[in-house]
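To start, the structure itself, in structure tokens.
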Amino acid sequence: MTNARRKPGCAEAAAPEGREQQAPRPGATAAAKGAPRGLGSRTEKQGSTMTGAQAVVASLEAEGVGLVFGYPGGQAIKIYDALYDSTQIKHVLSRHEQGAVHEADGYARATGNVGVAIVTSGPGATNTVTGIATAYMDSVPLVVITGQVPRGVIGTDSFQESDIVGITMPVVKHSYLLQSTDELTATFREAFHIAKTGRPGPVLIDVPSDLASEELVFEYPDEVNLPSYKPTYRGNAKQVKQAVARIRRAERPVLYVGGGVVSSGASDELRALAELMQIPVVTTLMGKGAFPASHELNLGPVGMHGSKYANLAMTESDLIIAAGARFSDRVTGRLDEFAPKAEVIHIDIDPAEIGKVREAQIPIVGDLKGVLGGIVAQLSKEGASPETAAWVAQIAEWRRRHPFYHPNVGDAPGEIVPEVVMEKLSDALDPEHSIVVTEVGQHQMWAAQHIARECPRSFISSGGLGTMGFGFPASIGAAIGCPDKTVVCVAGDGSFQMNSQEMATAGIHRVPVKVLVMDNRCLGMVHQWQHLFYGERYSSTLLDANPDFVKLADAYGWQAARVESPDALDAALAAMLAAEGPYLLDVAISRDQNVFPMVAPGRALDDVIGAIDVAVGAVRTDVPEAEAAPGGKGGIR
């Protein structure tokens, strides 16, 4: 879908006024990305005597941090006392530690900065685990600071003690348990460096409360000494030349684009390659926005709920150029039948991803921005021209025949259609000045399919972990981080309730986030699977006891409305987007609505059910018997 308001180029994500204003040094290489964004050793606190807690805050200030999310407690109270005196750092008091980490995550994804959360020990720390795992799966840079019981009682099952380093070890990029004030500043310098360099990810720092009371002389380092941690940024020249030669020979290439393009800031280089060699582009959930939705080469989402034409393009391709993508099972479908005719060029900064799922004929470890730029430069130098005209024409025919949605599919009159809601929302948003955040479920897939995004960091969703309860707090973080943009959270009634207490956070801080709840009174995606594959045995997926969301919003001081008629939808969306402050729009949809097209679990990528075929009258084809049974929706949805 093309948005008529699209302007050339995309606005860069900007840090909030007064926070993290320092720009990277002119001419800085990718390898220098780990330098402090703040003053580093040039901070005015350098050489001052202070407590460990004060040093924690001073370290954050030295890194340029202007915003943290968190929830205090007994073992973190000294850090919070020191934070009280900071004139640089704003603290956002969340209503749950999971919400705090998701808010820091949303801030990081929207701005490109490191998100920071501070919590206490024991249950405070364990409440962060889901948020940390979410960030780990989606390669989001976070630093999570947890209070800990005094060093002398660690391991004795002291009150509110938990081994948070051990608990989170599988889902962090690195973790620290501070043992001495001598290592405090070096630990923070390393933590931020590790979080944002190479493949980004979360880092945890556990701070014993007695250490927070000890005095030290504050000396903040600019450099780090990590001999075992040396991310590879520059792609191997020989492999880059091999990639260039293979791309020149390709007749049916596809660029398979993941979140690594967004993390690397490589959207311009990606577009240059696609346009130079006329290569169609498919995107993962994390890659949405890395390539403009309005571009004729953009085929949009691929995989389980991708378009039939994107899935056919992957299946019939002779070359897949995987850029910052990891061949997730949600993309590949049945692996032994995935893209059987294709060779693979796999480019990723994390060498562990290359060959992990699909063998790569040409593996390139390196930073995508530099590697893609190098490939484009070499192709241009050699005067390369595309050989893909017939391929692009074939895909255009598939796209014409199998659209995501068609108004003639036979929807029930008087019923709000989810696809129409998403398309109307998409049309109402300025693509350069808006961010769409989703929860997890059917609404997430409808948003991915139908909301057009032109810019990186303008679509935020939990991909790898699929975390219900992520989207709403993440939208708060995104809205605080990008106050000049309209932030809309597309949620389901089930996932929204998992962290609805964060309505208080948005209300008190006057965060103008807009929440659109696709309200079908059920756990929609599981309900859909039960409908299609489990004989309509709806075990524990009906949510008839949902609250009145409008009254809930009013209780938190929000504006809100409910819409039940298609005729009222345009006005309801307009009112939501025009409102000042936080706003909730409860959109009533039928629980019989399903997300199509779909690749059933265990099936090949081109074995698509529920795809529209305009050649046979704009109906959805190949739906299971449960969907086509008398009294059901009979092949129309």
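Please read all numbers here as calculations on a predicted model, not as lab measurements.
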Any chance the rings of H91 and Y80 have centres within less than 6.0 Å?
-> yes
Would you say S495's side chain and E439's backbone share a donor-acceptor pair under 3.5 angstrom?
-> no
Where do V140 and R109 come nearest, in terms of heavy atoms and distance?
-> CG2-NE, 3.4 Å
On a heavy-atom basis, the closest approach of L211 and S180 is CD1-N, 3.4 Å
Please work out which of the three classes, parallel, tilted or perpendicular, describes the rings of F496 and F472, given edges at 30° and 60°.
-> tilted
Answer yes or no: is there a donor N or O on one side and an acceptor on the other, between the side chain of D105 and the main chain of V101, under 3.5 Å?
-> no
Roughly how far, to the nearest 0.5 Å, is CG of L60 from CD of Q88?
-> 9.0 Å
Shortest non-hydrogen contact from T111 toward R457 = C-CD, 4.2 Å
Exceeds 12 heavy-atom contacts within 6.0 angstrom, atom CG of L465 = yes
Given the rule in the salt bridge (Lys or Arg N to Asp or Glu O under 4.0 Å) test, do R326 and E353 qualify, once you have shown the distances and angles that lead to the verdict?
-> CA-CA 6 Å; R326 57 187 181 87; E353 288 298 339; 5.5 Å; no
Under 4.5 Å between any side-chain heavy atoms of V116 and L67, yes or no?
-> no
Start with the C-alpha distance between Q501 and N499, add both sets of side-chain angles, then the distance that settles side chain to side chain donor-acceptor pair (under 3.5 Å), and finish with yes or no.
-> CA-CA 5 Å; Q501 77 286 336; N499 274 309; 2.9 Å; yes
Roughly how far, to the nearest 0.5 Å, is the CD1 atom of I347 from the CD atom of Q239?
-> 10.5 Å
Using modelled atom types only, decide if a donor and an acceptor are shared between the side chain of E97 and the backbone of T128 within a distance under 3.5 Å.
-> no
Apply the side chain to side chain contact (heavy atoms under 4.5 Å, CB included) test between S461 and each candidate in V436, T467, V490, L285; give the one that qualifies.
-> L285
In Å, rounded to the nearest 0.5 Å, how long is the span from OG1 of T438 to CZ of F459?
-> 5.0 Å
Go through the steps to decide whether V257 and T284 satisfy the test side chain to side chain contact (heavy atoms under 4.5 Å, CB included), and finish with yes or no.
-> CA-CA 6 Å; V257 173; T284 68; over 6 Å; no
Using a distance-only test with no angle check, is there a side-chain donor-acceptor pair under 3.5 angstrom linking E63 and Y220?
-> yes
Ion pair E214/R151, N-O distance below 4.0 Å = yes
Output yes when E61 and K45 qualify as a salt bridge under the 4.0 Å nitrogen-oxygen rule, no when they do not.
-> yes
L516 side, atom CG; Y583 side, atom OH - distance, nearest 0.5 Å | 10.5 Å
Taking 4.0 angstrom as the limit, do E502 and R95 come out as a salt bridge?
-> no
Q444 and M525: side chain to side chain contact (heavy atoms under 4.5 Å, CB included), yes or no, with the steps?
-> CA-CA 10 Å; Q444 178 188 31; M525 189 61 82; over 6 Å; no
Minimum-distance pair of heavy atoms, taken over all atoms of M50 and A58 = SD-CB, 4.0 Å
Is a side-chain donor-acceptor pair under 3.5 Å present for S434 with T486?
-> no
Does some side-chain heavy atom of L226 sit less than 4.5 Å from a side-chain heavy atom of I194?
-> yes
Please lay out, stage by stage, how T120 and Q75 fare under the test side chain to side chain donor-acceptor pair (under 3.5 Å).
-> CA-CA 6 Å; T120 195; Q75 303 300 343; over 6 Å; no
Under the side chain to side chain contact (heavy atoms under 4.5 Å, CB included) rule, what do V172 and I132 come out as? Steps first, then yes or no, please.
-> CA-CA 7 Å; V172 294; I132 293 170; 3.6 Å; yes
Between the main-chain N or O of Y136 and the side-chain N or O of K173, is there a donor-acceptor pair closer than 3.5 Å?
-> no
With no hydrogens and no angle check, is any side-chain donor or acceptor of S264 less than 3.5 Å from a backbone partner on V261?
-> no
Spacing of CD belonging to E454 relative to CD belonging to E432, to within rounding of 0.5 Å | 8.5 Å
Any sub-3.5 Å donor-acceptor pair from Q497's side-chain atoms to G494's backbone N or O?
-> no
Are S59 and R189 side-chain neighbours, meaning at least one heavy-atom pair lies under 4.5 Å?
-> no
When you look at CZ of R358, are more than 12 heavy atoms from neighbouring residues, nucleotides or ligands closer to it than 6.0 Å?
-> yes
Return yes when atom CD of E223 has more than 12 non-hydrogen atoms of other residues, nucleotides or ligands closer than 6.0 Å, and no otherwise.
-> no
For the residue pair Y176 and H174, does the interplanar ring angle fall in the parallel (under 30°), tilted (30 to 60°) or perpendicular (over 60°) class?
-> perpendicular
Could you tell me which non-hydrogen atom of G492 sits nearest to which non-hydrogen atom of V517, and how far apart they are?
-> C-CG1, 4.0 Å
Take H102 and T134, measure what side chain to side chain contact (heavy atoms under 4.5 Å, CB included) needs, and give me the verdict at the end.
-> CA-CA 8 Å; H102 289 327; T134 300; 3.8 Å; yes
Give a yes or no answer on whether the side chain of H96 reaches the backbone of Q98 with a donor-acceptor pair at less than 3.5 Å.
-> yes
Is there a side-chain contact between P292 and R271, using heavy atoms and a 4.5 Å cut-off?
-> yes
Ignoring hydrogens and angles, tell me if any N or O in the side chain of T197 forms a donor-acceptor pair with the backbone of H193 under 3.5 Å.
-> yes
Side-chain contact test, heavy atoms from C-beta onward, threshold under 4.5 Å: evaluate it for S213 versus K78 and give yes or no.
-> yes
Determine yes or no for a side-chain-to-main-chain donor-acceptor pair under 3.5 angstrom, with W558 supplying the side chain and L584 the backbone.
-> no
Per the side chain to side chain contact (heavy atoms under 4.5 Å, CB included) rule, which among V515, V511, V437, V487 passes with I476?
-> V511
Where is the tightest heavy-atom contact between A195 and P141, given as atom of each residue plus distance?
-> O-CB, 3.3 Å
Report yes if the side chains of I375 and V371 come closer than 4.5 Å at any heavy-atom pair, otherwise no.
-> yes
Would you say the ring centroid of Y256 lies under 6.0 angstrom from that of F327?
-> yes
Calculate, to the nearest 0.5 Å, the distance between atoms SG and CZ belonging to C489 and F470 respectively.
-> 9.5 Å
Quick one: are T185 and P221 in side-chain contact, heavy atoms under 4.5 Å?
-> yes
Check whether any side-chain N or O of D138 sits under 3.5 Å from a backbone N or O of G464 as a donor-acceptor pair, and report yes or no.
-> yes
Side chain proximity check, V207 to T146, heavy atoms < 4.5 angstrom = no
